[in-house]
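This report concerns only the one structure given below.
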Amino acid sequence: MMIIKSDSDIRLMRKAGAIAAGALQAAGEAVRPGISTKELDRIVESYIRSHGAIPSFKGYGGFPASACISINHVVIHGIPSEKILLKEGDIVSVDVGAYIGGFHGDNANTFPVGNVSPEAMKLIEVTRESLHQAELILKANVRLGDIGNAIESYVTQFGYTPVKDFVGHGIGRALHEDPNVPNFGRAGHGLRLPKGATVAIEPMINMGTDQVLISNEDGWTVTTVDGKLSAHYENTYFIDENCAHILTQV
Ligand code: MG
């Protein structure tokens, strides 16, 4: 069941979203060759807690950290580790959620580590722009198929594929609410989002095949089957009458 938010709910969600966005920005500013993904996680957690919020992901389904940090062919849900160091030329996706005042905010960015190849930079830029393409059509009564199609039709022009096995989601008092928001779909089909819906839209875009695997070892880490790069962008949105507002803004 989709939960429609009131104006006061949205005020609270803006606060959660601002903290999630600030934590993500702090992580992005710390990205450099040689830093461990655990150190980035500490930066995220201390930002969130110092602003009076709780990391949404820590303990969620047993996830052991405050941020999901996913390098290169890791699509999502990478577990931060002291042993995993960023290196020049990597791309790193950081996904952060913050909970305060009874609501969550959820966002993700992919950052280049030092100088990256033009191909890797292109994937990052196209993934960021695919989220923007979806954003442009968001307003009351937009259909899920239109959102998915905006992302899919944009990225496939570049030979990339949206991941199908993981999708965006409603968000509010729970980190994941109805409905699922796929990054692919048929224009003119699917559920309509009414004014007051709040959704996290999060294209996960692969350079090669859309097929992904979940690690047997840790049960979390999602990688591309072909080992090619993947990028991830996410914002939390409030669907308004004639547009959508990004709630994950500093
Ligand atoms: Mg999310």
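We count ligands from 1, going down the list as the structure has it; atoms in each ligand are counted the same way.
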(message) Under 4.0 Å between a side-chain nitrogen and a carboxylate oxygen: does that hold for Asp90 and Lys87?
(response) yes

(message) Within the 3.5 Å criterion, strictly below it, is a donor on Glu129 or His132 matched to an acceptor on the partner's side chain?
(response) yes

(message) Just to be careful: counting only protein atoms that are N, O or S, how many fall under 2.8 Å of the Mg ion (ligand 1)?
(response) 4

(request) Consider only side-chain N and O atoms of Thr236 and Asp106, and report whether a donor and an acceptor are under 3.5 Å apart. (result) no

(request) Please round to the nearest 0.5 Å and tell me the distance separating atom NE2 of His104 and atom CZ of Phe57. (result) 9.5 Å

(message) Using 30° and 60° as the class boundaries, would you call the ring planes of Phe238 and His245 parallel, tilted or perpendicular?
(response) parallel

(message) Less than 4.0 angstrom from a charged side-chain N to a carboxylate O is my criterion; do Arg42 and Glu82 meet it?
(response) yes

